[in-house]
There are 2 protein chains.
Amino acid sequence: MKRNTWQRQAVRDALGEKPGFVSAQDLHAALREAGSPIGLATVYRALADLAGDGDADSLQSAEGESLYRACVSPGHHHHLICRSCGTTVEIEADDVEQWAAKTAARHGFTQPRHVVDIFGLCPACSAS
Amino acid sequence: MKRNTWQRQAVRDALGEKPGFVSAQDLHAALREAGSPIGLATVYRALADLAGDGDADSLQSAEGESLYRACVSPGHHHHLICRSCGTTVEIEADDVEQWAAKTAARHGFTQPRHVVDIFGLCPACSAS
DNA sequence: GCCGGTAATGAGAATCGTTGTCAAATACCG
DNA sequence: CGGTATTTGACAACGATTCTCATTACCGGC
């Protein structure tokens, strides 16, 4: 049984208002900023519930934080990372998305998540 | 200037002996198990250096740990990994190889390496 | 070989994000 | 309304990683 508390709603709303990915900490900070006396643990729980119910996606940032985004907005992307200076460029990879899903399915795997990142030297670092 | 200490070598060797991805903690545990009095901080530093020099790849596990693996041995391939029981299936991804190279080039990046792995639930674990 | 500068080491503390605990608050059903 | 199980929230606990800093030991030059 799932209850409909204003806290849960607040998290859902706050998540929907952010265009991209947000960390749980950032969401909590934003909510407090907006006047909600909501607790940090509650934000984590609400986000976990949303992700579990498929209402949000979650992934790990390069720094190890868990990031969430409202599920509706498109924009799943990957990264092109300079292994010298660390700059990252966001890239799209629709082809790869489909390939990953297909490949997983062909081997009987379900609930596929994938890691697709390219490491290289950015133009600046290539020059030196 | 980079110094060649037995600790660094030990980390490099230990990483090379593991087939897939290993966490820093696991590597450290394995090394201690093997008799090395190596320190945890040193393992982290060695892994960070290896990753920085392109001698190792790193990625984040679904649980938020940093995982490392020795860098691309001859037969380049990717993995389909069950996040419940850990089984891995080797997969080929020629399409993705080309896509990665092209994408890197389009953004002016050179010497591209990539990490392409899919995590999911294997048939056995999907059933339960 | 031996020496000195200097980067690397390591033990423990500190930090950060996240999860657990548990009493108090409260949404839902009747 | 009243009962009850779920949720909340402050705080403690936790695990992974990073920092600190005194000590060690490479390495290049003599």
Q: Using whole Å, report how far CG of B:L31 lies from C1' of C:dG10.
A: 14 Å
Q: Any side-chain N or O of A:Q7 under 4.0 Å from OP1/OP2 of D:dG9?
A: yes
Q: Of B:G39 and B:R3, whose nearest nucleotide on DNA chain C comes first from the 5' end?
A: B:R3
Q: Over all heavy atoms of both residues, which pair between A:L31 and A:A10 is shortest? Give the atoms and the distance, please.
A: CD2-O, 3.9 Å
Q: For DNA chain D, which residues of residues 41-51 of chain A approach it to below 4.0 angstrom with any heavy atom?
A: A:A41, A:T42, A:R45
Q: Using whole Å, what does the distance between atom C1' of nucleotide C:dA8 and atom CZ of B:R8 come to?
A: 7 Å
Q: Between B:N4 and B:Q25, who's closer to the 5' end of DNA chain D by nearest nucleotide?
A: B:Q25
Q: Between A:L27 and A:A14, which heavy-atom pair has the shortest distance, and what is it?
A: CD2-CB, 3.5 Å
Q: Report the distance from atom CG of A:L27 to atom P of C:dG17, rounded to the nearest whole Å.
A: 14 Å
Q: Rounded to whole angstrom units, what separation is found between the CH2 atom of B:W6 and the P atom of C:dT9?
A: 9 Å
Q: B:S23 or B:K2: which one's nearest nucleotide on DNA chain D is closer to the 5' end?
A: B:S23
Q: If we only count heavy atoms from C-beta on, is the A:H107 to B:I91 side-chain gap below 4.5 Å?
A: yes
Q: What is the distance from CD of B:Q9 to P of D:dC26, rounded to the nearest Å?
A: 13 Å
Q: Side chains of B:K2 and B:D53, heavy atoms from C-beta outward: is any pair under 4.5 Å?
A: yes
Q: What is the distance, to the nearest angstrom, from the NE2 atom on B:H28 to the P atom on D:dT17?
A: 13 Å
Q: Can you check the A:I38 CD1 to C:dT26 P distance for me, whole Å?
A: 14 Å
Q: Using every non-hydrogen atom in the two residues, find where B:Y68 and B:L15 come nearest and quote the distance to one decimal.
A: O-CD1, 3.9 Å
Q: Among C:dT9, C:dG10, D:dT17, find the nucleotide with the atom closest to the side chain of B:L40.
A: D:dT17
Q: Using OP1 and OP2 only, check whether a side-chain N or O of A:S66 sits under 4.0 Å from C:dG17.
A: no
Q: Is there a side-chain contact between A:S36 and A:W6 in this structure, where contact means two heavy atoms from C-beta onward sitting under 4.5 Å apart?
A: yes
Q: At less than 4.0 Å, is any side-chain N or O atom of A:T5 found next to OP1 or OP2 of D:dT8? Yes or no.
A: yes
Q: Where is the tightest heavy-atom contact between A:V43 and A:A24, given as atom of each residue plus distance?
A: CG1-O, 3.9 Å
Q: When the distance from CG of B:D26 to P of D:dG15 is rounded to whole Å, what number comes out?
A: 14 Å
